[in-house]
Amino acid sequence: MEHLSLYLTLLTAVMMPCLHPRPWNVAAVTTSPSSTKNVTLLYPPDATVFIGAVFPIHASRKDIGLGFDVCSRLQAEDGIQPLEALLFTLDQINKNEELLPGITLGALALDSCDSPSVALDQALGFIKGYLAGENKYHEADFMCTDGSVPTYRGGKFDKVVGVIGGQNSEVSVQMASVLRVIEMPQISYLSTSASLSNREKYPFFLRTVPSDSTQAEAILQILSKFGWTYASVVYSRGEYGEGGFHQLKSQAGRFHVCFASPSHRLAKDDSDDTYKDVVKKLLDRKANVVVVFADDEVTAKLMKTVQLHGRYSHIIWVGSDGWSSSSPKQVEAVVEGAIAVRPLVNTLPGFDEYFRALTPDGNLRNPWFAEYCANGNCPTSATYAQVPWLHFVRDAVYAFAHALHNMWESRCEGRPGLCDAMAHSGHVHGHELFEHLLNVSFEDVNGRSFQFEKTGAAFPRYSVLNYQRVDDYNYMWVPVGTYSRTLKSKVLDLDESAVKFRQNAALPVSSCGTPCRPGEAKILLQDKCCWRCEPCQGYQYLDNSTQLCKDCGECMAPDDSKGACKQKEEKFIDYKNRWAITSLAFASLGIFSTVLVAVIFWVYLDTPVIKASSRELSYILLAGIFLSFAMTFVIVAPPSVFTCGITRFFLGFCYTVCYAAILTKTNRISRIFNKNPSKPHKAKYTSPRSQMVIVTLLVSVEVIINISWLVYYSPSTKHLCSRDTDYRIRICNGLDDYSYIVGLIYPLVLVCFCTVYAIKTRKCPGGFNEARFIAFTNYTTCLIWLVFVPLYLSTGASDDVRIVTLAMSLSLGGFVQLGCLFFPKVHIVLFKPEKNTKDAVMSIQRTSSYRAGSIRQQPPENIQHHSAPAIIFLNSKPPIKQEGLQIPQFHDQNLNPKEVPGLVNKGFFTGVSSKPQEPAAL
């Protein structure tokens, strides 16, 4: 789906030329950092097929205001030189009549600005061109309004058969992730990250340089050769540095090398204080060898910080190719003596003469060359030095050329030019070309055979370099050896100058496995091949018999002598805890309120309002509310088997008692007042005794659940421990997981049923209609659970808040039930005695369609309607008959007022058919 979505989005972009045609412009342009992303090098314009290329012509910087990377200064060595090396190599290939006969190979180059995000945008252009080619050469899914086939940027991008780039690993990762969608081969000339060897994630990625996994192997081989078995590591953030550090760490054990802990990760945007802190740790550590697996920007900032510190003569730097490819600036004295590796480099023959002859007027095919010369870098008037890795660009171009040639030989039967079997109606398939790339073999600049190994990288060959002073003012990287690996062997070959350097380096280089001084312990490292001598960590003790540091358990800590372990101090929540005091005060207020309500109900037990509320069920409900508040005193008590068992049992039991009483009451009222008129039978099980039995049965279900739970999972206490704390916390077993929720499942079912019956009894007389109050109680209870249950589950188990959460949820639930179901009745009993009558209790609230002062429209005289409902009294003397109004007498023999307290003056309403007339004054 992801690929399909990307396909549709890009194919829609292909249609844009139908609306806004953009003719291809090959004239010279004036480039700048702000316009470089829209500039494309196309040479020669009439080439048969093109190789796409993405070079860091400009550097990038983070725009704080915009929040993304923008292009900045032009890069001569990293941008212009590799681009010209590409053009130089293409000229050689196109002049060779035996290579690709009848086929002209061209270049279509873009600027990545050395930014992954910019490179990703530029790579999308190749995908758009590919989709336009698919639409043109195969089944045409889209057409312009004039009937023509849409093209992308003049129809050149659809001739791109592969891409060269990027330079750094992060750029290559972004490009490889996108180009795999269209199966387009990609060859990087300088990306070394080991992660790019993942054939599942990057199936069409190749590179003409070896992987960092073999570079790490070369560095470790050097460390082992010189006897530097204990070293610190600094690495840069990103694919390159993090991947290299991972390879160093994973392979160190095989070479008996140990790395000091912790290692240090830096980024070019880190603060100066961060760099100073890292440098201080490096210089104070006993490991005098520091491996720097970082890019040149991070390394330059690191070395400048070391220079400011001033004390660095005892450090030997071992570098990767990320910073050994160029000479350090302004920190030469710091870097002097460093050992580094980089892929074996050689001068690209003939390129120096070609590049020195270039001028802005004579090099119009490179749109960035005029900007390059305008900055004072023109090779005819400035100091020029060829970067040492241009032959990797040459290898990438030749790999594509030879793969296309092999494809031509196998498909075109010796006929010059592209044939249909090779180009498939003008479109070369990337996956077919990739198969030929995997099998290419040609001579590199050294006359050696170049091939890709199975990981997609070149076979590893590295130069070992030493940074030396060559005269009073100049420093340079001097080759002192090589490292190579073939299918059969690994060879590190160091010349006499490297050996002499090691012998003359009067530096106290720490090695792994040296005897420990008194008071220090052996810390085993890297598969126990060696150790370093350091004090034990705060959670370790020193085993005097082996002089090794051993870990104490998480609930243990070293004793004062650091020679054994002891139990950590025990802590637990109790009545002195500040959270517990708050919840206890809250619960005490609830208990007082509950008792007060119970007393008021007892005093006014025989009044209509209290009778209508089902006195027996009300007292059961009050008992459940009382238990909810009282449980706080158990929950916040010191954890024990007894308190843990009580808590688990009564957590859901309190809610069950409350909602069993509410459910029984609403069910009883519903059966009494919502009887089916066609079945005039007396409602069963409405007596107080029946209600008590029903409540008992409902509560017994929760009792069975809780007892079974306690039997299956006996209550107990446990300790929570962490190395980060100096104490252990005693809690009830199960408090740190979800098991306490078991007791709340059944009460939740009762809440749902209560809500249903509350709705069914919403039309009963006012004294019995508690639908709004019960519904609000249920909704509020659910809201409390929705708030407190996630809080309970998300709060750290070692935090007192989790324990208090249980108590507060019970107390809040009790207050909600008191406030909604009892306080309104208490208010009527104490402050509204005129409403505490039989007539008020039995009244039914009706909404009227008339408003005071409104004008009532008279209905037609010939239309009959029903008058206001008449009241039919049961088992009582009917009211005095008024003249002109007939009140039928009706007695329901199925209702016994003795069995149903409060129903003596129960009234039913009925309509009386009559002619429309003015209503009598009430």
Side-chain angles (χ1 to χ4, degrees), residues 219-220 223 226 228-238 240-242 244-246 248-249 252 257-320 322-324 328-340 467 475 505-514 516-523 525-526 530-540 549 723-724:
I219 292 175
L220 291 168
L223 294 178
F226 286 158
W228 299 335
T229 55
Y230 184 42
S232 297
V233 179
V234 178
Y235 60 99
S236 57
R237 185 178 304 162
Y240 174 75
E242 294 177 10
F245 171 68
H246 174 73
L248 284 171
K249 189 175 180 180
V257 173
C258 301
F259 291 119
S261 179
S263 301
H264 306 285
R265 183 179 66 171
L266 292 171
K268 64 180 181 180
D269 299 327
D270 286 345
S271 65
D272 293 341
D273 290 338
T274 300
Y275 275 81
K276 290 178 182 178
D277 182 63
V278 170
V279 168
K280 185 178 184 303
K281 292 178 180 178
L282 290 175
L283 299 180
D284 292 344
R285 188 175 286 157
K286 296 177 182 178
N288 298 327
V289 175
V290 180
V291 178
V292 182
F293 210 112
D295 54 55
D296 55 351
E297 292 180 287
V298 170
T299 304
K301 192 171 181 179
L302 174 67
M303 296 305 171
K304 288 179 181 179
T305 308
V306 173
Q307 187 177 50
L308 292 174
H309 196 281
R311 183 172 59 89
Y312 51 81
S313 59
H314 66 290
I315 295 294
I316 292 180
W317 306 99
V318 178
S320 63
W323 60 283
S324 61
K329 304 293 177 59
Q330 301 177 350
V331 290
E332 292 85 351
V334 178
V335 185
E336 182 182 5
I339 296 290
Y467 195 67
Y475 296 79
L507 303 176
V509 180
S510 297
S511 296
C512 181
T514 56
C516 295
R517 293 178 296 184
E520 291 184 335
K522 298 177 182 178
I523 309 298
L525 300 170
Q526 294 293 344
C530 54
W531 65 84
R532 69 173 183 268
C533 300
E534 287 186 3
C536 296
Q537 299 290 332
Y539 56 87
Q540 296 176 324
C549 287
R723 285 181 175 174
D724 299 330

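Values below: all heavy atoms of this structure, side chains included; hydrogens, waters and symmetry mates excluded.
- With contacts defined as side-chain heavy-atom distances shorter than 4.5 Å, the pair L266/V278 qualifies.
- Pairing each heavy atom of A333 with each of Y312, the nearest pair is O-CE1, 3.9 Å.
- Under the 6.0 Å cut-off for aromatic ring centres, Y240 and F293 qualify, their centroids lying closer than that.
- Note that CD of E297 and CG of D269 are 8.5 Å apart. Values are rounded to the nearest 0.5 Å.
- Here the closest non-hydrogen pair linking V298 and A267 is CG2-C, 3.9 Å.
- Ion pairing between a basic and an acidic side chain is recognised when a charged N comes within 4.0 Å of a carboxylate O; K280 and D284 show such pairing.
- Between the OH atom of Y275 and the CG atom of D270 there is a distance of 5.5 Å, given to the nearest 0.5 Å.
- Here CZ of R265 is found 5.0 Å from CD of E242. Values are rounded to the nearest 0.5 Å.
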As a quick check of understanding, evaluate side chain to side chain contact (heavy atoms under 4.5 Å, CB included) for Y475 and V335, giving each step before the final call. CA-CA 10 Å; Y475 296 79; V335 185; over 6 Å; no

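- To the nearest 0.5 Å, atom CG of residue D296 and atom NZ of residue K329 are 10.0 Å apart.
- The nearest pair of heavy atoms linking K301 to D272 is CE-OD1, 3.5 Å.
- Of the inter-residue distances, the one linking H309 atom NE2 with K276 atom NZ reads 10.5 Å to the nearest 0.5 angstrom.
- Checking side-chain atoms of E336 against main-chain N and O of V334 turns up no donor-acceptor pair under 3.5 Å.
- Across all their heavy atoms, Y467 and E332 have their closest contact at OH-CG, 3.3 Å.
- Contact detail for G319 and I219: the closest heavy-atom pair is O-CD1, 4.2 Å.
- By the 4.5 Å heavy-atom criterion applied to side chains, I316 and F226 are not counted as neighbours.
- Considering only heavy atoms from C-beta on, L223 comes within 4.5 Å of V291 through its side chain.
- A 4.5 Å side-chain heavy-atom check between L248 and L220 finds at least one atom pair inside the cut-off.
- Note: W317 CH2 to L302 CG = 5.0 Å, rounded to the nearest 0.5 Å.
- A294 and S320 make their closest contact through N-OG, 3.6 Å (heavy atoms, listed as atom of the first residue, atom of the second, distance).
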From CA spacing to verdict: side chain to side chain contact (heavy atoms under 4.5 Å, CB included), V318, W228: CA-CA 11 Å; V318 178; W228 299 335; 4.1 Å; yes

